[in-house]
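Proteins come first, then strands; the chains are lettered A, B, ... in the order of their sequence lines, and each starts at number 1. These numbers come from a predicted model, not from an experiment. Hydrogens, waters and symmetry mates are skipped; everything else that's a heavy atom, side chains included, is used.
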Protein chains: 2
Amino acid sequence: MARIKDVAKEAGVAPSTVSLVLNKKGYVSEETRLKVEAAVEKLNYIPSEMARNLSLQRTNIIGVIVPSISHPFFSELAEALETELYSLGYKMMLCCTKYKENSERKFIEMLKRQTMDGIIMGAHSLDVSIYEGLKEPVIAFDRYLNDNIPIVHCDHCIGGRLAAEAFLQHDCHHVIGIEGYQGVHTPANDYHRVFHETMRQHGVTTDILEMPWNAFTYEDFLATAEKLFKEYRDIDGIFGSDMAIASCMRVAAQRGYRIPRDIKMVAYDGTGMTQTGIQPITAVRQPIEKLAAIAAQKVVSKVKGTKDNLPWVLQPRLLKGETC
Amino acid sequence: MARIKDVAKEAGVAPSTVSLVLNKKGYVSEETRLKVEAAVEKLNYIPSEMARNLSLQRTNIIGVIVPSISHPFFSELAEALETELYSLGYKMMLCCTKYKENSERKFIEMLKRQTMDGIIMGAHSLDVSIYEGLKEPVIAFDRYLNDNIPIVHCDHCIGGRLAAEAFLQHDCHHVIGIEGYQGVHTPANDYHRVFHETMRQHGVTTDILEMPWNAFTYEDFLATAEKLFKEYRDIDGIFGSDMAIASCMRVAAQRGYRIPRDIKMVAYDGTGMTQTGIQPITAVRQPIEKLAAIAAQKVVSKVKGTKDNLPWVLQPRLLKGETC
DNA sequence: TTGAAAGCGCTAACAG
DNA sequence: CTGTTAGCGCTTTCAA
């Protein structure tokens, strides 16, 4: 493996000159530039990123923490983050916290070890004390960590209202909201709050079914759906995340309910999965790509110490499907 | 930010001794160990990963190349890879090639630059010449790259047969197979080949609908489904990937077909999405988690230069759903 | 315009 | 058992 000094020797110049040529910095005479380029070519020289990193004190890697990545919301998020980070010249290192005992703590540790330049944090952690006093660049994605860590998120109050309005057009009487574990401190809790408030203002009975913490597999959602139909009999509406609704559709069908005739359903998130299958799902869509692009740009701004004028909050919208 | 020499000074020892203590190598007297640990504590010292990387000539990062990550197959794969790599002490750096003009080439370049220790490659690249003569550790996931790069994959011949057998139990007459772009050189092409062979041996007419290259969004699949129903009228079976089938279910329903009464459907991959929705989908399931675990262990073996006795090929199985 | 030299922060061989 | 020394491979002053 050729090193910079091999190239220097081959070209008959000093390593520093090779460095200048490679990084197009300073003034180098045409003549030596050509000599260096020829040497690079001849030796098939490729600079070591590790050495540059140490010298420049950065890695151009951004860490992304999510609970799961097989879950459609996070898989769309991760894809959008990777795409945006790539276009900003960064690579994405992924950490899924689900099932991994304090992998998040280790990841933060890696941030301090300068394994990455910054982090976008979107996991459902209960203990966020590790973020206290953290000097490194962190952006939260739809998650409250502490007063110093800004949050990119969707306006969930509007989201909750859009969902409620969808149900209210079809006079339901009893609607169940499937919620994530409420111990997680997130702006997303707003959409349920506003949803129930709005529904009750219009005289609709609502109930809440809370899911266990960090439950993201389809088995988790199917189990919750089973539980819902066991506990509640006279219902005519269900509101929950994409996966929750897709699971309820299965259980509802098994029990002979017709959708939307017998039960209306509205999903929150509006990932691609709501658009396939026998019935496309009526859903409140979070602008995942845009949220991701903003989160990526914000974290890079923080790493570089620059400013941007991007908004922190974006609007969701309703996708009309066939379930409500 | 404290450095190793600060710790050394604080503890009144040499940097190398601090290093020994931190890495639990060699023999260090209890006394100095305690002194060092106290100094580490006091200065809140955290070693720099970049410096260790340069010194040890490794990064403990494995790159993973996939076409997309919002696609359920790859999102499940990525999650399983991350989990396994994590337990092996490695981090996963992700590269989605879809929509990114030669991002793959850049990624391979990064491998050569020692940004990562090895790569698991699962993208649908048409030009695999960049892998020619590559010295760095690479494992292919369900993809032919070249004779020197071993492949982890599922036994797709069995997969194709399982799918055919599912249809043959219900005497279909005309079944369409939706295939990925056939220019991609992958073991997965086998499942269509065997599927069609088996069906035709039993007197069933089959046709092939080929998708465009690198088409992975639900819009792509819906478009293909529309095309299918426009081009073929008298069909009673469809075989394709999870996303393809889910999309066909939607279009079939729109056109008034009942599943499985009018059309039987079998999906290939069997990701979680086949288990939710109004009708769970009959599917050939690839053992994604196990394939991922093997790929991860294989690439790490290659990085470390060790051997393992893990198999390269795993068996798929049929998940009975309600669509065939 | 170029080269020498110091430095990024850690590890490891080798004395002692 | 511990300190000295020499790297790992690149960047960046600072002279010349």
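Considering only side-chain N and O atoms, A:S16 lies nowhere under 4.0 angstrom from the phosphate OP1 or OP2 of C:dG3. Checking the phosphate oxygens (OP1, OP2) of D:dT11, a side-chain nitrogen or oxygen of A:R52 falls inside 4.0 Å. Using a 4.0 Å cut-off, some side-chain N or O of B:S29 falls inside it from OP1 or OP2 of D:dT2. Residue A:Q57 places at least one side-chain N or O under 4.0 Å from the OP1 or OP2 atom of C:dG9. One finds no side-chain N or O of A:S19 lying less than 4.0 angstrom from the OP1 or OP2 phosphate oxygen of D:dT12. Between B:Q114 and D:dG9, a side-chain N or O to OP1/OP2 separation shorter than 4.0 Å is absent. At least one side-chain nitrogen or oxygen of B:N23 sits closer than 4.0 Å to the OP1 or OP2 atom of C:dT11. The phosphate of D:dT12 (OP1 or OP2) has a side-chain N or O of A:K25 nearer than 4.0 angstrom.
Shown are B:W213, B:Y144, B:F216; of these, the ring-ring contact (aromatic ring centres under 6.0 Å, His included) with B:H124 is made only by B:F216.
Contact check for A:S48 versus A:R3: side-chain heavy atoms found under the 4.5 Å cut-off.
Distance from the side chain of A:A14 is smallest for C:dA4 among the nucleotides D:dG7, C:dA4, D:dG3.
A salt bridge is absent between A:R105 and A:E109; no separation between the charged side-chain nitrogens and carboxylate oxygens falls under 4.0 Å.
For the pair A:K100 and B:Y86, the distance from NZ or CZ to the six-membered ring centre is under 6.0 Å and the angle to the ring normal is within 45 degrees.
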